[in-house]
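Nothing here was measured: the structure is a model prediction, and the numbers come from that model. Start at 1 with the first residue, then count along the sequence. The figures here come from the full heavy-atom set of this structure, side chains too, leaving out hydrogens, waters and symmetry mates. Just follow the structure's listing: the first ligand is 1, and inside any ligand the first atom is 1.
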Amino acid sequence: MARIAIIAGTGFRDLNIPDAAEVVDAGTPFGQPSGPILRWMNLGHEILFVPRHGLDGSVPPHKVNYRANLWAIHEAQAEYVLAVNAVGGIANDALPGMFVIPDQLVDYTWGRPQTFFDGDKDTLTHVDFSFPYCESLRRRLIELAGDLKLRFLAAGTHGITQGPRLETAAEVNRLQRDGCDLVGMTGMPEAGLARELELSYACCAVVVNRAAGTGDTGIHAEIDRYLKQGMEQVSRLLGGFLEKL
Ligand code: HPA
């Protein structure tokens, strides 16, 4: 049996969470996770589901208790952590309805508690974050997504902005100049905290719109149109992942 944590935000209801999922009591030294953690068994494996914005979706990206979420996953000894993040596509080939398994990120967030090494321990570690996602987990997901013939990109740089507002077109231009292929609001500090806890963490970034100034239609109309489609792709990926474990 393996234990897999899934952290998902916008659109998570399309990920087929069973009604019978058990609620886990997960208080942490960093407070409560951003929503009740749900647990259920699937194909002999234990799934821990962390709703990043709470079950009612009310916790905005800058108020998510990323530390509590990651700590609870660490305490539960999850072997794999799959983060599902809705993003806007910047690269020409990052199209709504597909997903990207990013290999890099650029962090533009501020004011979010971003470390477990907060000066209250004598074990400060400057974690190596050169490659922010777990490469072996990424490889497994890429191989599987290829086998399942899903619509995805096997690499990309994930830019993470503060939100909750969307970006200006000029900000997206700047992100593009910085080398970002995608833009979302929740990829950090989550990935950095996962690294501090030495978790095997990878991201499936679901492209739900073209980033500001790069598309022809309104952003919200695109999100309404493509969120479900993208989440269905990721849902198939997660199902395949469990089958292959
Ligand atoms: N920008 C930032 N975050 C997002 C976007 C976007 O265009 N789409 C979904 N999350």
Side-chain angles (χ1 to χ4, degrees), residues 6-15 34-35 50-54 56-64 66 69 82-112 114 132-133 150-153 155-192 201-235 237:
I6 299 169
I7 314 176
T10 313
F12 77 84
R13 287 185 195 285
D14 293 311
L15 293 177
S34 44
V50 182
R52 196 184 278 113
H53 301 294
D56 61 358
S58 64
V59 184
H62 61 291
K63 291 258 174 83
V64 170
Y66 295 95
N69 290 353
L82 300 173
V84 182
N85 306 75
V87 297
I90 299 176
N92 290 336
D93 54 356
L95 298 173
M98 68 194 301
F99 67 90
V100 183
I101 303 174
D103 58 336
Q104 276 298 334
L105 64 79
V106 181
D107 184 10
Y108 301 91
T109 66
W110 48 270
R112 304 180 182 188
Q114 54 168 2
Y133 302 105
L150 301 178
R151 289 184 59 215
F152 79 107
L153 299 175
T157 298
H158 185 181
I160 299 109
T161 54
Q162 178 71 356
R165 67 165 176 80
L166 292 159
E167 299 71 39
T168 66
E171 285 168 338
V172 169
N173 271 333
R174 173 185 162 213
L175 291 168
Q176 192 163 30
R177 287 196 301 276
D178 284 356
C180 295
D181 300 301
L182 320 163
V183 56
M185 300 175 193
T186 51
M188 280 296 283
E190 196 172 276
Y201 173 99
C203 165
C204 295
V206 182
V207 184
V208 295
N209 59 280
R210 291 290 304 162
T214 71
D216 306 326
T217 44
I219 291 183
H220 289 291
E222 274 190 325
I223 294 177
D224 290 344
R225 184 159 166 214
Y226 291 108
L227 181 61
K228 197 172 169 61
Q229 199 173 308
M231 283 295 162
E232 273 165 15
Q233 297 279 303
V234 169
S235 191
L237 182 72

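Scanning the protein heavy atoms around atom 5 (C) of ligand 1, the nearest turns out to be Gly88 N, 3.4 Å. For atom 7 (O) of ligand 1, the nearest protein heavy atom (residue, atom name, distance) is Asn209 ND2, 3.0 Å. Shortest contact from atom 6 (C) of ligand 1 to any protein heavy atom: Leu166 CD2, 3.4 Å. Among all protein heavy atoms, the one lying closest to atom 3 (N) of ligand 1 is Gly184 CA, 3.4 Å. Protein heavy atom in closest approach to atom 4 (C) of ligand 1: Val183 O, 3.6 Å.
The structure places CG of Leu166 at 5.0 Å from NE2 of His220, a figure rounded to the nearest 0.5 Å. The CD atom of Glu222 lies 3.5 Å from the OG1 atom of Thr217; values are rounded to the nearest 0.5 Å. For the atom pair CD (Glu167) and OH (Tyr108), the distance works out to 10.5 Å, reported to the nearest 0.5 Å.
The main-chain N or O of Pro61 is found under 3.5 Å from a side-chain atom of Tyr66 such that the two form a donor-acceptor pair. Remark: the backbone N or O of Gly88 is not paired with any side-chain donor or acceptor of Arg210 at under 3.5 angstrom. One N or O on the side chain of Asp56 and one on the backbone of Ser58 form a donor-acceptor pair closer than 3.5 Å.
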- Applying side chain to side chain contact (heavy atoms under 4.5 Å, CB included), run through Leu182 and Asn85 and close with a yes or a no. CA-CA 11 Å; Leu182 320 163; Asn85 306 75; over 6 Å; no

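The contact set between ligand 1 and Glu167, taken as ligand atoms under 4.0 Å from a residue heavy atom, comprises 1 (N), 2 (C), 6 (C), 7 (O). Applying the 4.0 Å criterion to heavy atoms of Ala86 picks out, from ligand 1, the atoms 9 (C), 10 (N). Those atoms of ligand 1 with a heavy atom of Met185 less than 4.0 angstrom away are 2 (C), 3 (N).
By the criterion of a heavy-atom distance under 4.0 Å, neither the backbone nor the side chain of Ile219 is placed next to ligand 1.
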